[in-house]
Amino acid sequence: MASSLENLTKVDIAGFQKDLIGWFEEEQRELPWRKDQDPYKVWVSEIMLQQTRVDTVIPYFNRFIDQFPTIEALSSADEDKVLKAWEGLGYYSRVRNLQTAVREVHEKYDGVVPNTLKSISTLKGVGPYTAGAILSIAYGIPEPAVDGNVMRVLSRILSIWEDIAKPATRKVFEEAIREMISHDNPSFFNQALMELGALVCTPTSPSCLLCPVRDHCHAFHEGTQNELPIKTKNKNQRKVQIGAVIIRDEEDHVIIHKRPKEGLLANLWELPNTEIHLPFINEKDQIKSELKQAYNLDIEMGNLLGQLEHVFSHLIWNINIYEAKLTSDFKHANDVKIVTKTELEEFAFPVSYQKIIKHYINE
DNA sequence: TATTCGTGGTC
DNA sequence: TGACCAAGAAT
């Protein structure tokens with residue numbers, strides 16, 4: 001069986017580098033993290049950009065750097081403030097890992113982001129892609145940074161038919177990049193591949209007639225650019241019924257709960273809620289009983305206010321939203337608070353609960 | 001290795 | 001409109 005990289009020897013690597021980097025120098029977007037090569041800012045941008053679109057990241061990046069401009073600033077920040085700055089971006093463990101890693105750099109490396117693959121790879125949240133991205137972009141080190149764009153572009157350039165959904169496949173592309181990467185400008189080489197994937201060599205209907213490297217592209221010559229890359233699909237989401245409750249005291253304060261420090265939406269805040277296993281059978285009684293057990297809250301259940309479906313990448317919440325009255329004195333706990341409507345704004349909520357608060361509490 | 005971990009945009 | 005997608009890492 002032929003090697004998946006058999007076409008690598010047919011590529012004019014010097015010409016490919018020149019055409020690719022030349023295009024990037026002319027056509028790259030002006031992005032806030034491209035104003036300088038501050039390793040900390042490059043790092044923050046790469047974490048934010050994981051599985052997240054550039055247009056979504058831009059305002060978050062600007063606010064985040066404004067609020068936490070240096071490694072020192074992020075190191076000394078409260079995690080609740082950091083999560084609040086990340087609110088709505090998703091994959092919240094990214095920013096908790098980032099703060100953990102930044103604190104390690106602050107203490108162990110005197111605030112200087114490591115510039116070796118071995119050291120930087122030990123940092124929490126820094127995997128093979130992010131390590132290569134920081135090393136090449138911030139330090140000019142010729143290390144592969146293989147993301148989804150790079151796999152898509154190279155699968156077409158080199159006609160690689162392996163399934164890019166499989167984790168082991170990334171190494172095939174790393175091997176190719178090690179042969180192809182510009183040692184004069186590894187930063188622009190890596191960024192150009194990703195920029196090309198974002199702007200030209202798109203997942204559907206790639207703009208081959210505008211592509212600066214189409215003469216180097218095996219798929220373009222074969223006409224297979226719409227068949228590549230091979231990517232198997234993921235499974236369907238499982239559905240979960242949730243009963244969430246807006247619990248008020250007599251002064252219109254609202255009770256909120258901090259989620260566990262691990263798992264889905266870790267350390268974010270939410271309304272008291274419970275999973276409903278047998279929907280439509282004494283649902284209010286179930287909720288009242290389980291909230292007593294889980295949070296030690298005594299409540300009188302009120303009306304069903306509405307319903308909300310929230311789709312995650314791997315599951316679907318169907319939330320029934322109730323109101324309720326607190327019927328005994330509230331006892332403070334680390335993970336349960338009672339707050340005013342104004343104070344709600346200080347806490348980081350998942351988007352599903354942001355919507356509930358906006359619709360049923362603030363208006 | 002396969003699954004978990006968010007969200008908003010797109011077709 | 002539902003399925004897929006977007007600069008992945010941890011477990």
(request) Would you mind classifying the nucleic acid contact of A/Gly197 as base, sugar-phosphate or nothing, using non-hydrogen atoms under 4.0 angstrom? (result) nothing
(message) Students should find this one: the first and last nucleotides of DNA chain B, 5' to 3', lying under 4.0 Å from a heavy atom of chain A. What are they?
(response) B/dT1 to B/dG8
(request) Select base, sugar-phosphate, or nothing to describe what A/Thr130 touches, counting heavy atoms under 4.0 Å on all strands. (result) sugar-phosphate
(request) May I ask you to decide if the ring planes of A/Trp317 and A/His310 are parallel, tilted or perpendicular, using 30° and 60° as cut-offs? (result) tilted
(message) For a quick test of reading the model: is some side-chain N or O of A/Arg152 closer than 4.0 Å to OP1 or OP2 of C/dA6?
(response) yes
(request) Can you tell me the distance, in whole Å, between the CG atom of A/Asn236 and the C1' atom of C/dG2? (result) 10 Å
(request) Please say whether more than 12 non-hydrogen atoms of neighbouring residues, nucleotides or ligands are located less than 6.0 Å from CD in A/Glu175. (result) no
(message) Please classify the nucleic acid contact of A/Leu89 as base, sugar-phosphate, or nothing, using heavy-atom distances under 4.0 Å.
(response) base
(message) Base, sugar-phosphate or nothing for A/Val311? Non-hydrogen atoms, less than 4.0 Å.
(response) base
(message) Any side-chain to backbone donor/acceptor pair from A/Asp249 onto A/Asp252? Under 3.5 Å, distance only.
(response) yes
(message) Tell me whether A/Lys231 is salt-bridged to A/Asp163, with the criterion being a basic N under 4.0 Å from an acidic carboxylate O.
(response) no
(message) Checking side chain to side chain contact (heavy atoms under 4.5 Å, CB included) between A/Phe173 and each of A/Arg152, A/Met151, A/Glu162, A/Arg178, which is the one that passes?
(response) A/Met151
